[in-house]
Enquirer: 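One structure follows; several queries about it will come next.
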Amino acid sequence: MSEGDRLSELAKRRGFFNQTAAAYGGVAGFYTYGPQGAALKDNIEAAWRDRYVTREGHMEIDAPTVLPEPVFEASGHVETFTDMLVECVECGESHRADHLVEDHPESTVEDAEALPNEEVGELIADHDIDCPACGTPLAEEPVEDFNLMFETNIGPGSSSPGYLRPETAQGIFVDFPQWAEYARNQLPFGVAQIGKAYRNEISPRKSIIRVREFSQAELEHFVDPDDEPPLERVEDVEIPLYSVAQQQGEGSVKEMTVREAVDEGVVDSPWLAYYLGISKEWYERIGVDMDRFRYRQHLAGELSHYASECWDAESELGGDWVELTGFATRGTYDLDKHAEYTGEDFSVFQQYDEPVTVERPTVDPEMSYLGPEFGNAAADIVAELEALAERDPDAFDAEAVTVELDGETYEIPTEKTGFAVEEVTESGEHVTPHIIEPSFGVGRLIYTALAHSYREDEIDGDQRTRLALPPEVAPTTVGVFPLMDKDGLGERARKLASELRAAGLEVTYDDSGAIGRRYRRQDEVGTPFCVTVDYDTLEAETVTVRERDSTDQVRVPIAELPATLSGLRDGDITFDDI
RNA sequence: GCGCGGAUGGUCUAGUGGUAGGACAUGAGCUUCCCAAGCUCAUAGCCCGGGUUCAAUUCCCGGUCCGCGCACCA
């Protein structure tokens with residue numbers, strides 16, 4: 001069995017995740033997290049929130065999953081988040097129109113997706129391309145877009161179309177003016193969101209790695225282009241970089257510190273470097289194996305339309321590299337687009353440290369002259385004069401100013417333009433923030449944490465399966481067992497379990513079968529610690545605490561147990577400290 | 001979406017034109033003083049639809065889902 005098969009089997013059997021609605025035949029690309037999986041997901045999201053929101057001082061919001069169509073017209077998703085399809089009338093098969101054209105032997109087109117649909121349709125006709133399935137000519141068939149967004153209607157009727165968001169980010173961008181106001185217009189600030197996103201994938205694959213509904217944890221960090229990240233906090237962190245140069249050259253990953261990566265220009269944006277640094281430590285914290293991890297830079301052709309630089313955090317799963325996180329510089333693209341489509345202000349007024357006085361050339365044309373002289377053209381001439389004053393104030397040194405409009409040349413006496421150079425005091429400027437975006441796929445983090453912590457080893461000659469999950473993210477922190485369910489041990493153990501729950505610990509109680517079987521059960525779901533109530537407990541109020549990975553045991557007084565276990569979970573102490 | 005392969009209790013599987021057997025797991029009980037022991041009993045299964053047939057879990061067709069390769073992955 002492959003790694004993926006073993007993991008899927010364990011996931012289903014132990015309640016991490018399973019295919020949704022299997023009783024109805026299942027539906028591709030949808031998975032349900034069971035009790036263990038939901039708990040693991042909660043813990044990973046909490047660790048993310050702790051690192052990327054709380055400790056960075058960012059804010060977290062929660063936007064709707066449905067947004068009206070105009071939002072995605074602005075973001076470009078309606079237009080570009082599509083595949084080109086052509087449908088055969090004869091057999092009903094749909095084909096990728098751009099690929100039919102590219103694959104045709106006589107075709108010289110290499111990137112048909114970049115062409116308009118009509119043009120691709122013409123190419124299909126020109127080359128007499130037939131349906132690959134049944135051979136019917138496709139020349140007459142229209143080339144249509146298949147949009148990967150799920151479409152819906154807001155309210156009754158179809159007058160108000162909407163889409164399920166394909167990324168949580170747009171929910172942050174559309175209300176940017178609100179967040180800027182909340183941040184008292186002080187850049188930089190970050191807005192984070194953990195939530196569901198939806199993509200109607202043509203072909204969902206590989207368990208929960210590619211699904212149609214998934215959780216994202218996204219941070220949109222809005223920065224002034226002049227802002228610098230606090231690089232010193234992570235400058236010594238070693239990060240495995242697989243740059244474009246390395247991908248096209250030796251093909252090997254290069255370890256370097258965050259500082260080196262910036263100084264040597266391997267990572268262009270210091271902000272991205274900063275997030276690569278803190279994220280490497282975070283991945284380790286939730287159980288990603290650093291020997292199966294790398295940061296890979298996007299090649300030029302991979303970059304999305306809005307990004308100038310992008311690095312993916314990738315984990316190795318069953319021999320494949322899978323994207324966990326995209327770290328992208330989105331520039332001002334999204335805010336510009338939403339500003340353009342709404343007419344609202346998506347910028348921030350940045351006050352200078354000190355007001356600056358600048359000389360600004362202005363014009364104040366004498367309309368009583370221009371009007372009669374130039375008639376209909378007068379208004380356009382004024383606009384041109386204003387532009388000229390800003391562009392080339394020296395032009396006003398002469399006796400007359402010449403402007404060209406629609407091929408006509410007009411000469412205006414300089415004295416009629418009201419040209420002057422004014423001293424203006426500016427206290428700041430409007431800045432459209434640049435966006436630094438780390439975008440995490442939660443399901444892939446969960447899958448990686450499981451795959452990378454999966455172990456098969458031997459205890460006293462017996463094989464066991466365990467998940468070496470970090471205690472912080474393990475679904476259950478402690479299993480509580482009576483050594484046997486008699487002589488009052490069960491009662492004492494049940495009481496202890498509820499005491500530990502009251503102390504805020506995630507506890508499982510189990511009294512079935514032999515003690516070893518119960519340990520193995522907890523090993524298999526990654527429970528890091530098990531507490532056993534035995535006969536000595538009744539005498540001395542102590543229990544044994546058993547550690548998952550080493551199977552070592554120590555005796556601990558019950559009175560100290562809540563603090564000890566909390567400390568172990570939170571990483572304040574290690575098992576050896578007890 | 002294309003091609004290839006697959007689908008039998010919760011899991012892993014055997015097998016069959018006459019409705020299915022095992023292992024593990026699970027539950028009850030016995031046993032058991034710290035790592036999947038043993039014994040007894042119990043629960044539980046042929047993906048869906050159509051066709052062929054007296055009879056289909058089995059053969060054929062279609063679908064759904066899963067895996068792999070291709071494509072896709074803003």
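All figures in this text were calculated on a predicted structure; none of them were measured in a lab. Letters go in sequence order (proteins before strands), and every chain restarts at 1.
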Enquirer: Please give, in whole Å, the distance from B/C33 P to A/K486 NZ?
Expert: 6 Å

Enquirer: What is the separation between atom CG on A/D510 and atom C1' on B/G27, rounded to the nearest whole Å?
Expert: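 Answer to the nearest Å: 13 Å.
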
Enquirer: Please determine if a side-chain N or O atom of A/Q19 lies less than 4.0 Å away from the OP1 or OP2 oxygen of B/C66.
Expert: yes

Enquirer: Does anything in residues 531-559 of chain A reach RNA chain B, meaning a heavy atom under 4.0 Å, and if so which residues?
Expert: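 When residues 531-559 of chain A is checked for heavy atoms under 4.0 Å from RNA chain B, the hits, listed by number, are A/T532, A/D534, A/Y535, A/T544, A/R546, A/T551, A/Q553.
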
Enquirer: Could you give the CG-to-P distance, from A/L7 to B/C12, as a whole number of Å?
Expert: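 From A/L7 CG to B/C12 P: 13 Å.
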
Enquirer: Will you find, in the side chains of A/S75 and A/Y341, an N or O donor that is under 3.5 Å from an N or O acceptor?
Expert: no

Enquirer: Is A/S207 touching bases, backbone alone, or none of the nucleic acid, heavy atoms closer than 4.0 Å?
Expert: sugar-phosphate

Enquirer: Send over the distance from A/E9 CD to B/G9 P, rounded to a whole Å.
Expert: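 A/E9 atom CD is separated from B/G9 atom P by 13 Å.
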
Enquirer: Rounding to the closest angstrom, what is the interatomic distance between B/G18 and B/U58 at atom C1'?
Expert: 11 Å

Enquirer: Please give, in whole Å, the distance from B/A7 C1' to A/K12 NZ?
Expert: 11 Å

Enquirer: Which residue, A/E323 or A/K206, contacts RNA chain B at a nucleotide closer to its 5' end, judged by nearest heavy atom?
Expert: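 In this pair, the answer is A/K206.
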
Enquirer: Please report the distance separating the C1' of B/C2 from the corresponding atom of B/G17, rounded so that it comes out in whole Å.
Expert: 34 Å

Enquirer: Please check if any side-chain donor atom of A/R555 sits under 3.5 Å from a side-chain acceptor atom of A/T542, or the reverse.
Expert: yes

Enquirer: Could you tell me how far apart A/F481 (CZ) and B/C35 (C1') are, to the nearest whole angstrom?
Expert: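 These atoms are roughly 10 Å apart.
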
Enquirer: Is the distance from the ring center of A/F327 to that of A/Y295 below 6.0 Å?
Expert: yes

Enquirer: Side chains of A/E69 and A/Y163: any donor to acceptor distance under 3.5 Å?
Expert: yes

Enquirer: Please confirm whether A/R294 makes a cation-pi placement over A/W321, using NZ or CZ under 6.0 Å from the six-membered ring centre and within 45° of the ring normal.
Expert: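 Judged by the rule, A/R294 and A/W321 form a cation-pi pair.
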
Enquirer: With no hydrogens and no angle check, is any side-chain donor or acceptor of A/E309 less than 3.5 Å from a backbone partner on A/A328?
Expert: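 Not a single qualifying donor-acceptor pair exists.
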
Enquirer: Indicate whether the side chain of A/D534 and that of A/T537 have a donor and an acceptor atom separated by less than 3.5 Å.
Expert: yes

Enquirer: With no hydrogens and no angle check, just 3.5 Å: does a side-chain donor-acceptor pair link A/Q246 and A/S243?
Expert: no

Enquirer: Only stems of 3 or more consecutive Watson-Crick or G-U pairs count here, both distances under 3.5 Å; name the ones for RNA chain B, or none.
Expert: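 Result, WC/G-U stems under 3.5 Å: B:1-7 with B:64-70, B:10-13 with B:21-24, B:26-30 with B:38-42, B:47-51 with B:59-63.
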
Enquirer: Does A/R205 get its side chain close enough to the base of B/C73, under 3.5 Å, for a donor-acceptor pair?
Expert: no

Enquirer: Just by protein heavy atoms under 4.0 Å, how would nucleotides 36-43 of chain B read 5' to 3' in B, S and -?
Expert: BS------

Enquirer: Could you check A/F81 against A/F72 for ring-ring contact (aromatic ring centres under 6.0 Å, His included), going step by step and ending with a plain yes or no?
Expert: CA-CA 10 Å; A/F81 192 48; A/F72 297 110; 9.2 Å; no

Enquirer: If the P atom of B/C47 is compared with that of B/C72, how far apart are they to the nearest Å?
Expert: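 35 Å, rounded to whole Å.
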
Enquirer: Answer with yes or no after comparing the ring centroid distance for A/H221 and A/W271 against a 6.0 Å cut-off, counting only values under it.
Expert: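 Yes, the ring centres sit under 6.0 Å apart.
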
Enquirer: Please classify the glycosidic conformation of B/U19 as syn (within 90° of 0) or anti (everything else).
Expert: syn

Enquirer: Could you tell me if the ring centre of A/Y198 sits under 6.0 Å from that of A/F214?
Expert: no

Enquirer: So if I apply the salt bridge (Lys or Arg N to Asp or Glu O under 4.0 Å) rule between A/D523 and each of A/R548, A/R455, A/R546, which one comes out positive?
Expert: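 Checked A/R548, A/R455, A/R546 against A/D523; only one passes salt bridge (Lys or Arg N to Asp or Glu O under 4.0 Å): A/R546.
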
Enquirer: How close or far is atom C1' of B/A25 from atom CG of A/L10, stated in whole angstroms?
Expert: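 For the pair A/L10 CG and B/A25 C1', the rounded distance is 13 Å.
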
Enquirer: Between A/S498 and A/Y509, is a side-chain hydrogen bond (donor to acceptor under 3.5 Å, both in side chains) present by the stated rule, with each step listed?
Expert: CA-CA 9 Å; A/S498 67; A/Y509 179 82; over 6 Å; no

Enquirer: Determine the interatomic distance between C1' on B/C41 and the same-named atom on B/C12; round to the nearest Å.
Expert: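 The answer is 24 Å between these two C1' atoms.
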
Enquirer: I'd like the C1' distance from B/C66 over to B/U11, given in whole Å.
Expert: 16 Å

Enquirer: Measure CE/A/M484 against P/B/C30 and give the value in whole Å, please.
Expert: 13 Å

Enquirer: Provide the distance between the two C1' atoms, one in B/C24 and one in B/U43, to the nearest whole Å.
Expert: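 It comes out at 15 Å once rounded to the nearest Å.
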
Enquirer: Taking only the C1' atom of each, what is the distance from B/G45 to B/A20 in whole angstrom?
Expert: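 My reading of the C1' atoms in B/G45 and B/A20 gives 9 Å.
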
Enquirer: For the C1' atoms, the ones on B/U19 and on B/C54, what distance do you get once it is rounded to whole angstrom?
Expert: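 Rounded to whole Å, the distance is 16 Å.
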
